[in-house]
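Letters go in sequence order (proteins before strands), and every chain restarts at 1.
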Amino acid sequence: MYIVLAAPTRSGETSDDSVAQLQPADSSFSPAGDAVVVNANQLPEAVRRFEAEGVRWVWEETRAWYPSLLDQGVTIERCHDVSLSREILRHSLFSAHTPYSSGLGNHPDDADDPALPRQLPPAAPSPLQGSLFEADSGPAGPGCAEVLEEFAGQQHAAANSSHPQRLALLLAAESAGALLAAEMEAAGIPWRADVHEQLLVSQLGPRPREGLRPVELERLAGDLRDALDNPRFNPDSPQELLRALHRAGIEVSTTRSWELERQEHPAIEPLLKYKKLSRLLTANGWTWLDTWVSDGRFRPEYVVGGVVSGRWASRGGGALQIPKQIRDAVRPDPGYAFIVADAAQLEPRVLAALGQDSALATAARGLDLYQGIADQGFGDRAKAKIAMLGAMYGATTGESGRLMPQLARTYPQAIGVVESAARTGEAGGVVSSYLGRGCPPASERWLATQRTSTAEEQRRADNIARSRGRFTRNFVVQATAAEWALCWLAELRRRLRQIAVSSPGAELVFFLHDEVMLHVPEAMVTEVSRMVTEAAVAATRLMFGDIPIEFTVNLMVVDSYALAK
DNA sequence: ACGAAAAACCTA
DNA sequence: ATGCTAGGTTTTTCGT
């Protein structure tokens with residue numbers, strides 16, 4: 001049984017304060033029974049009542065409904081997010097021939113050009129907010145009939161695709177991810193502002209007045225001016241800094257730290273220290289703390305489907321780039337601990353599965369896949385790692401490039417997968433993840449670059465083609481790894497919900513590509529740790545069935561994020 | 001004066 | 001070992 005939740009359509013039974021319509025539907029996606037129209041006060045109880053019957057919710061956008069339900073203490077088990085499913089089906093090769101997918105249009109345009117920077121769309125307005133704050137215009141968004149019709153089209157597209165089970169799993173996993181994202185946003189990452197502040201004070205000095213440098217930065221700026229014998233320049237300006245360095249005889253072409261590190265000059269040491277501390281101040285200093293941390297929680301926003309590969313993006317506070325430098329501020333509440341777990345070498349393991357490469361699967365048998373490759377006669381571990389990463393990223397030169405032929409001979413099946421993806425991309429084609437997420441098509445602009453006449457233009461065109469090849473090469477691995485991670489999350493979420501009634505309190509609070517953090521009552525640490533491991537086994541089975549490849553999970557119980565890894 | 005782009009550095 | 005994938009944020013710089 002499905003319940004469609006959407007904005008109410010104007011009719012006799014709706015009143016001015018109606019915010020939602022709940023429409024039951026049966027397994028053939030037809031309306032079953034009367035729709036219920038509710039106002040904001042009635043919505044939580046109505047949802048709770050249906051949820052107790054074990055329904056699956058269908059709505060245009062999880063973001064629009066779930067956060068406010070969570071605020072009111074309502075959680076749900078399963079949903080189908082129509083908008084996220086739409087974007088998957090728009091690009092999926094599996095369903096391209098179905099009426100629904102072909103009707104969406106999948107026209108290559110420059111917005112889909114991976115060479116162009118992507119910008120995230122602004123957060124969608126919630127229909128609930130619309131009704132609460134805009135008296136004259138009622139709740140926005142499509143009504144139940146439209147949502148149900150599109151849902152039916154999506155189900156038909158998945159069922160009639162070339163891989164019905166895989167695509168259905170992908171849509172379910174993406175929707176589960178949307179629920180979890182909202183739940184993690186509601187939970188927030190436990191953050192000790194006092195510990196963070198202590199870190200800042202010990203490295204930068206006391207918080208300065210607005211517009212002034214902290215004492216330690218001021219001191220280093222002074223040292224730098226002395227060392228360069230240059231009394232007045234702004235070290236925060238790359239242009240001025242570069243000119244000052246040149247005037248002191250330091251020949252660098254940029255002010256990047258790794259280029260500066262190679263220079264011998266008394267100014268380099270204070271400069272590198274200055275850049276390091278300046279970064280801490282501007283990216284994660286007092287302003288950041290004021291802006292993003294409140295009530296002991298850092299609350300970023302997750303953008304499910306925000307990355308073409310299916311990884312999540314985030315908005316606000318740089319949640320996916322918390323520097324190691326400040327992770328000590330991430331501390332559990334009293335009586336709680338963190339479980340931090342990550343999938344060990346997820347991408348090469350995924351590649352072994354994609355290529356059904358038994359030699360690589362054997363190397364992945366142990367905890368350390370790169371050591372496994374080394375043990376199969378590939379030299380040392382470092383070499384094995386560089387070669388493998390090069391294969392997945394498309395390295396052509398240097399040590400990584402030189403190791404490629406040997407790697408291709410040792411693991412022909414696995415390397416064949418990425419090589420084939422690269423050739424498809426170079427030719428302007430599209431590639432697919434294991435569960436059916438398609439990469440964006442080549443844009444008109446891209447195709448135009450390939451139609452050339454002169455030799456000079458041809459060289460440029462080849463460069464552009466190889467760049468797309470690297471993108472599609474990496475896409476098949478990164479997108480499939482993202483799917484595994486999503487299945488892992490969904491399995492873990494399901495297990496946590498099973499025990500939540502009798503022993504509540506364990507929450508997922510952070511997710512980063514192949515890593516999760518849970519905030520767990522100390523008494524539950526053992527039980528939840530087992531669930532994290534079991535969820536990984538279940539995710540592997542769910543995606544790939546019974547395959548001889550292990551997806552190892554590294555797990556640590558810590559009382560500071562700084563102690564993980 | 002304002003907004004886009006670039007530079008820099010952080011993450012997996 | 002910064003040559004190779006995907007992102008976000010801040011500040012400075014540049015263009016209108």
Counting only heavy atoms not in A:Gln356 (residues, nucleotides, ligands), do more than 12 fall under 6.0 Å from its CD? no
Is the phosphate of B:dC9, meaning OP1 or OP2, less than 4.0 Å from a side-chain N or O of A:Lys275? yes
Any N or O donor-acceptor pair under 3.5 Å from the base of C:dC4 to the side chain of A:Arg470? no
Consider the side chain of A:Arg279, meaning its heavy atoms from C-beta on, and name the nucleotide among C:dA1, C:dT9, B:dT11 that approaches it most closely. C:dT9
Distance, rounded to the nearest Å, where A:Asn284 contributes CG and C:dG8 contributes P: 16 Å
Between C:dT5 atom P and A:Glu419 atom CD, what is the distance in whole Å? 15 Å
Rounded to whole Å, how long is the line connecting atom CZ of A:Arg243 with atom C1' of B:dA7? 15 Å
To the nearest angstrom, the CD-C1' distance between A:Gln478 and B:dA12 comes to 9 Å
Any N/O pairs under 3.5 Å between the protein and nucleotides 14-16 of chain C? List them or say none.
unit_1 : atom_1 : unit_2   : atom_2 : d
C:dC14 : OP1    : A:Gln239 : NE2    : 3.0

Which value, rounded to the nearest 0.5 Å, describes the distance between A:Leu220 atom CG and A:Lys273 atom NZ? 6.5 Å
Can you tell me how far P of B:dA7 sits from CD of A:Glu259, to the nearest Å? 13 Å
A:Trp258 CH2 - B:dC9 P separation (whole Å): 10 Å
In terms of side-chain heavy atoms of A:Gln321, which of B:dA12, C:dT5, C:dG7 is nearest? C:dG7
Assess the side chains of A:Ser83 and A:Asp81: does a donor N or O sit below 3.5 Å from an acceptor N or O? yes
Residue A:Ser237, side-chain atoms from C-beta onward, closest of C:dT12, C:dG7, B:dA12: C:dT12
At under 4.0 Å, does any side-chain N or O of A:Ser257 touch on OP1 or OP2 of B:dC9? yes
Determine whether the aromatic ring centres of residues A:Phe298 and A:Trp288 are separated by less than 6.0 angstrom. yes
Of B:dA8, C:dA6, B:dT11, the nucleotide closest to the side chain of A:Lys324 is B:dT11
Which part of the nucleic acid, if any, lies within contact of A:Ile322, taking any heavy atom under 4.0 Å across all strands shown: a base, the sugar-phosphate backbone alone, or nothing? sugar-phosphate
For A:Trp446, is the NZ or CZ atom of A:Arg468 found under 6.0 angstrom from the centre of its six-membered ring and inside 45 degrees of the ring axis? yes
Name the nucleic acid region contacted by A:Asp236, choosing base, sugar-phosphate or nothing; use a 4.0 angstrom heavy-atom cut-off, strictly under. sugar-phosphate
Report the distance from atom NE2 of A:His513 to atom P of C:dA6, rounded to the nearest whole Å. 12 Å
side-chain N/O A:Lys276 vs B:dC9 OP1/OP2, d < 4.0 Å: no
Checking all strands, does A:Lys383 fall into the base, sugar-phosphate, or nothing category for heavy-atom contacts under 4.0 angstrom? nothing
Please tell me which of A:Met392 and A:Gly316 maps to the more 5' nucleotide of DNA chain C, matching each residue to the nucleotide holding its nearest heavy atom. A:Met392
Closest approach to the side chain of A:Val307, judged atom by atom: which nucleotide of C:dA6, C:dC4, C:dT10 is it? C:dA6
Taking the nucleotide of DNA chain C with the nearest heavy atom to each, does A:Thr397 or A:Arg311 sit closer to the 5' end? A:Thr397
Among the candidates C:dT13, C:dT5, C:dG8, find the nucleotide nearest to the side-chain atoms of A:Ser314. C:dG8
Parallel, tilted or perpendicular, judged at 30° and 60°: which one describes the rings of A:Phe510 and A:Tyr561? perpendicular
Please work out whether the ring planes of A:Trp484 and A:Phe551 are parallel, tilted or perpendicular, with thresholds of 30° and 60°. parallel
Nearest whole Å is fine: how far is B:dA8 C1' from A:Leu277 CG? 16 Å
Kindly say if A:Lys385 contacts the phosphate of C:dA1, meaning a side-chain N or O under 4.0 Å from OP1 or OP2. no
Which of these nucleotides, C:dA1, C:dG8, B:dA8, is closest to any side-chain atom of A:Glu399? C:dA1
Scanning both residues in full, the closest heavy-atom pair of A:Asp328 with A:Val195 reads O-CG1, 3.6 Å
Quiz item: cation-pi between A:Arg166 and A:Tyr434, 6.0 Å / 45°: yes
Does B:dA8 have its OP1 or OP2 closer than 4.0 Å to a side-chain nitrogen or oxygen of A:Thr255? yes
Separation of the C1' atoms in B:dA7 and C:dT2, to the nearest angstrom: 15 Å
Report which part of the nucleic acid A:Arg327 touches: base, sugar-phosphate, or nothing (heavy-atom distance under 4.0 Å, all strands). sugar-phosphate
